[in-house]
K.L.:
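Dumping the structure here so I can ask a few things about it.
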Amino acid sequence: MVAGCTVALLTTAVGPAQALDNLPPKQPLVQDLRTENGPCATGDDPTYVAQPPRLTAALYDPEEDNQPAEANRVKGEFEAWWTDGAGVEQRRTHTTLMSLSGTPQYWTVPDDIPANTVVSWHVRADDGEATSAWSDEGDGSACSFVYDDVSPEKPTISSPEYPDDDSWTDGVGVYGHFTMDSPSDDVVAYRYEFPGGSPQKVFAEQPGAAVTIAYLPLDSGPDRLKVRAIDRSGRSSGDSYYEFLVTSGRAPVARWKLDDPAGSRSAAAETGTAARAGTGVTFGGPAPSGTGTTTTVGLDGSGHGFLTTDAPATDIRKSFAVSGWARPAETGRNMTVASQDADGGPGFALGLRNRETGPAWSFAIGDATVSGGAPETGEWAHLLGLYDAETGRARLYVNGHEVGTEVAATPAEAAGAFQIGRARGAVGYRDRWHGDIGDVRVHDRVVVPGEVTELALRKPKSLGRWSLENATDGTSPEQSGGAPLRLGAGASIYRDSDGPCRPEEDPECPYVPPALVGHGHLSLDGETGYAAADGPLVDTTESFTLGVVVRLPDSVPDRPMTVLSQAGEHTDVLKVRYEPSTYNWQVVMPEKDEAGAPEKVVAQVQGSAGSQKSHLAVVYDDGTDTITLFHDSSRKATASLPHGPRSTGAFQIGRAEVGDGWGEYFHGDVDEVQAYSGALRERDVPFLGTGVDYCPC
């Protein structure tokens with residue numbers, strides 16, 4: 001009985017022992033191997049490396065080798081070989097330490113490998129009891145690389161449009177083509193950089209081939225291209241420099257100012273061909289303010305409302321731009337500002353298109369159309385349509401800003417007449433313009449963004465600057481002799497010399513904050529103090545800019561305080577105030593011009609809790625339908641404002657209309673109040689409140 005039991009126990013113990021039979025590791029797969037940072041290269045296309053590479057292999061041991069609580073471990077056996085100059089095969093080997101199955105194993109090849117020689121390598125896994133097949137056995141493949149120890153030579157650079165010969169060459173908006181070539185036959189790419197741009201990389205079609213890039217100068221002046229060649233191993237040459245001189249963008253090939261005397265029957269051309277006018281054209285119309293345009297033409301929308309040159313203005317199959325000022329008298333139908341005839345239709349058309357979602361500005365060329373912006377009846381807009389033949393893309397700019405999404409375009413030949421105010425149809429002309437048009441230009445090049453901005457610029461006009469340095473008979477003068485500000489009770493002009501004593505003379509003299517700007521400022525008591533103009537200062541339905549310098553009191557205000565306001569018929573339609581609960585400066589407007597109408601905070605920026613000087617500016621841009629609040633120039637908040645509310649009330653400093661009376665009186669100091677008709681550019685805003693006259697020209 002005992003012997004029988006012993007046999008049974010031995011038989012039972014045999015099962016687990018058989019389960020622990022070792023299985024060899026898995027054969028390494030080519031996709032699990034890497035040479036330096038690249039994949040395993042097989043066949044006749046080795047990887048080129050700039051230094052003896054690190055070889056990597058992910059090696060695996062079957063999981064069933066061990067009980068679940070154990071970890072499979074494996075090491076790698078690497079082998080590399082090549083044929084030396086004497087025709088003798090050379091080999092190098094390396095065995096790694098044991099690591100967990102699946103962990104990458106590494107070997108950095110010794111630095112005695114020869115340069116410019118194909119070196120092959122393979123690897124196998126070893127779990128201490130058995131080894132796998134080599135990675136190149138069976139369906140596998142050996143990996144190969146070439147160690148390149150020589151950097152490529154510097155590239156040469158040439159350009160037919162912009163030679164490196166100290167000559168000034170045309171110019172901004174005209175593409176240059178720069179060819180980069182290296183004497184080294186293993187160069188596969190070039191890294192290049194223009195001033196102000198980020199480094200770019202371009203690849204050759206085959207090793208040693210030259211590469212040509214296109215570059216569009218955006219500014220006139222000295223320019224430079226820096227290039228280095230990169231070979232197959234990633235080695236780079238030294239830098240080559242190519243310097244060239246770019247002139248300003250050339251003038252339009254055609255321009256009609258449309259400022260001819262009233263009664264004219266044709267429009268003179270500054271360049272190009274004069275345009276004859278139909279009987280539905282009226283010269284001597286109003287012009288957009290703040291521009292160099294003095295008068296415009298009005299078109300009545302009839303079959304007689306057009307101007308034409310009876311000749312093409314430019315070849316639209318090449319890069320070109322067409323622009324002009326436009327003010328529609330209606331927006332409910334398609335209308336054309338400018339076009340050029342092609343067979344059975346316009347080669348291009350710039351104008352207004354009425355869509356299901358509402359009217360939009362539009363530039364159509366060939367079968368492509370880009371549209372955007374929101375035309376408004378009676379409102380001026382500057383339009384520019386651009387076709388870039390180098391990229392094959394069309395763009396549309398409204399009031400200096402790109403709108404819509406650029407589109408690929410294929411222009412057809414349009415050698416017909418240039419048209420203002422109409423577009424060719426299958427039979428006759430259509431989409432006739434009703435409204436005013438001014439200063440139409442055609443360029444035979446790309447008009448770059450900076451130029452677009454300048455063309456659309458409406459220069460602000462100063463409406464007044466009050467330095468608040470002094471007051472006479474209750475008024476503080478405007479710096480240029482304009483209307484003064486009236487000071488109410490509780491408002492006074494503080495001057496540095498008004499203090500009871502001078503600290504430099506009396507150590508016991510109490511500290512008094514200095515004047516905000518210059519030698520004086522307006523002090524408001526927060527109860528009844530204010531200053532006011534005799535009427536509205538800015539037209540809130542048009543673009544405007546307001547600037548002011550303020551200082552809050554030492555104590556935190558317990559209520560909102562208004563520093564600037566201007567009323568409509570029933571309530572303030574615009575005010576700039578400080579909200580102490582959130583430490584925010586705000587631009588506030590009512591939802592309607594009605595007494596007691598709910599107010600809406602249009603824009604706000606974080607202020608400060610203490611008595612610190614703040615420079616504030618409000619810029620309303622009717623062209624982009626936006627209003628922006630700036631705080632110390634470094635912080636801003638911008639909001640959409642499609643229609644500025646009309647203001648007819650007197651401009652106020654230090655108070656706002658509240659219910660049936662005045663309230664939100666400002667407690668603190670105010671200085672350098674400035675106002676402009678027109679929207680200052682952001683780069684001009686920091687000059688507000690500096691205490692000097694500044695022309696944002």
Side-chain angles (χ1 to χ4, degrees), residues 289-290 457-471 475-487 491 493-494 515-524 530-540 542-551 562-566 574-578 585-587 603 605 613-622 627-636 644 647 649-656 666 668-697:
S289 62
L457 179 64
R458 301 181 69 171
K459 296 179 181 178
K461 177 183 178 182
S462 177
L463 299 175
R465 172 184 162 227
W466 293 267
S467 62
L468 301 170
E469 296 273 328
N470 50 66
T475 63
S476 187
E478 196 274 328
Q479 291 302 107
S480 301
L485 294 173
R486 294 179 292 102
L487 306 187
I493 298 295
Y494 168 81
L516 281 176
V517 182
H519 299 290
H521 59 239
L522 175 68
S523 291
L524 302 173
Y530 72 94
D534 288 334
L537 184 57
V538 295
D539 182 352
T540 52
E542 301 286 346
S543 297
F544 68 85
T545 301
L546 289 171
V548 65
V549 181
V550 298
R551 181 166 55 206
T562 294
V563 62
L564 301 177
S565 70
Q566 193 165 293
L574 170 73
K575 60 183 176 182
V576 180
R577 75 179 180 194
Y578 182 72
W585 288 102
Q586 304 175 335
V587 174
V605 293
K613 180 168 66 175
S614 296
H615 290 74
L616 305 176
V618 178
V619 179
Y620 173 56
D621 189 339
D622 192 31
I627 190 165
T628 303
L629 173 63
F630 293 88
H631 179 248
D632 292 340
S633 302
S634 60
R635 284 174 284 179
K636 67 177 183 177
S647 173
F651 178 72
Q652 305 287 326
I653 300 173
R655 66 178 183 178
F666 187 81
D669 303 322
V670 179
D671 208 349
E672 284 297 322
V673 176
Q674 292 174 263
Y676 292 87
S677 62
L680 258 67
R681 292 170 290 187
E682 185 167 348
R683 72 185 191 190
D684 295 320
V685 169
F687 292 95
L688 294 174
T690 58
V692 297
D693 290 318
Y694 173 69
C695 174
C697 301

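Throughout, residue positions are numbered sequentially from 1 according to the sequence presented.
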K.L.:
To the nearest 0.5 Å, what is the distance between CD on Glu682 and CG on Asp621?
P.N.:
12.0 Å
K.L.:
Under the 3.5 angstrom rule, does the side chain of Ser462 hit a backbone N or O of Tyr676 as a donor-acceptor pair?
P.N.:
no
K.L.:
Kindly indicate, with the supporting measurements, whether the criterion side chain to side chain contact (heavy atoms under 4.5 Å, CB included) is fulfilled by Trp466 and Gln479.
P.N.:
CA-CA 6 Å; Trp466 293 267; Gln479 291 302 107; over 6 Å; no
K.L.:
I'd like to check Trp585 versus Leu629 (side-chain heavy atoms, cut-off strictly below 4.5 Å). Are they in contact?
P.N.:
yes
K.L.:
Set out, in order, the CA-CA distance, both residues' side-chain angles and the distance that settles side chain to side chain contact (heavy atoms under 4.5 Å, CB included) for Ile653 and Leu485, then state yes or no.
P.N.:
CA-CA 9 Å; Ile653 300 173; Leu485 294 173; 3.5 Å; yes
K.L.:
I would like to know whether Val576 and Val618 meet side chain to side chain contact (heavy atoms under 4.5 Å, CB included); could you show each step before the answer?
P.N.:
CA-CA 8 Å; Val576 180; Val618 178; 3.6 Å; yes
K.L.:
Answer yes or no: is there a side-chain heavy-atom contact under 4.5 Å between Val548 and Val670?
P.N.:
yes
K.L.:
Would you compute the distance between atom CG of Asp622 and atom CD of Glu542 and round it to the nearest 0.5 angstrom?
P.N.:
5.5 Å
K.L.:
Working to the nearest 0.5 angstrom, can you tell me the gap between Leu680 CG and Phe544 CZ?
P.N.:
12.0 Å
K.L.:
Could you give the distance from CG (Leu468) to CD (Glu478), rounded to the nearest 0.5 Å?
P.N.:
11.0 Å
K.L.:
Please determine whether side chain to side chain contact (heavy atoms under 4.5 Å, CB included) holds for the pair Phe651 and Leu546, giving the CA-CA distance in whole Å, both sets of side-chain angles, and the decisive distance to 0.1 Å.
P.N.:
CA-CA 11 Å; Phe651 178 72; Leu546 289 171; 4.1 Å; yes
K.L.:
Has Thr562 got a side-chain atom pairing as donor or acceptor with Ala656's backbone, closer than 3.5 angstrom?
P.N.:
no
K.L.:
Report yes if the side chains of Ile493 and Leu487 come closer than 4.5 Å at any heavy-atom pair, otherwise no.
P.N.:
yes
K.L.:
Please report the shortest heavy-atom distance between Ala650 and Ala533, naming the atom on each side.
P.N.:
CB-O, 3.4 Å
K.L.:
Can Ser565 and Gln652 be counted as having a side-chain donor-acceptor contact under 3.5 angstrom?
P.N.:
no
K.L.:
Please check if the side chain of Ser476 supplies one atom and the backbone of Ala471 the other of a donor-acceptor pair under 3.5 Å.
P.N.:
no
K.L.:
Given 3.5 Å as the limit, does a donor-acceptor pair link the side chain of Lys613 with the main chain of Leu516, or not?
P.N.:
yes
K.L.:
Could you tell me the separation between the NE2 atom of His519 and the CG atom of Asp671, rounded to the nearest 0.5 Å?
P.N.:
11.5 Å
K.L.:
Give the intermediate values and the outcome of side chain to side chain donor-acceptor pair (under 3.5 Å) for residues Ser543 and Arg458.
P.N.:
CA-CA 9 Å; Ser543 297; Arg458 301 181 69 171; over 6 Å; no
K.L.:
Do Ser647 and Asp539 have side-chain heavy atoms sitting under 4.5 Å apart?
P.N.:
no
K.L.:
Identify the heavy atoms of Thr540 and Gln566 that sit nearest to each other, and give their distance.
P.N.:
CG2-NE2, 4.1 Å
K.L.:
Say you draw a straight line from OH of Tyr530 to CZ of Arg486; how long is it, rounded to the nearest 0.5 Å?
P.N.:
5.5 Å
K.L.:
Give me the atom names and distance for the closest heavy-atom approach of Ala531 to Leu522.
P.N.:
CB-CD2, 4.0 Å
K.L.:
Could you pull out the closest heavy-atom pair between Leu574 and Val587, with the gap in Å?
P.N.:
CD1-CG1, 3.7 Å
K.L.:
With a 4.0 Å cut-off, would you call Arg465 and Glu672 a salt bridge?
P.N.:
yes
K.L.:
Closest heavy-atom contact between Phe666 and Leu524?
P.N.:
O-CB, 3.2 Å
K.L.:
Under 3.5 Å, is there a donor-acceptor pair linking the side chains of Ser614 and His631?
P.N.:
yes
K.L.:
Provide the closest heavy-atom pair for Ala679 versus Pro460 in the form atom of the first, atom of the second, distance.
P.N.:
O-CG, 3.6 Å
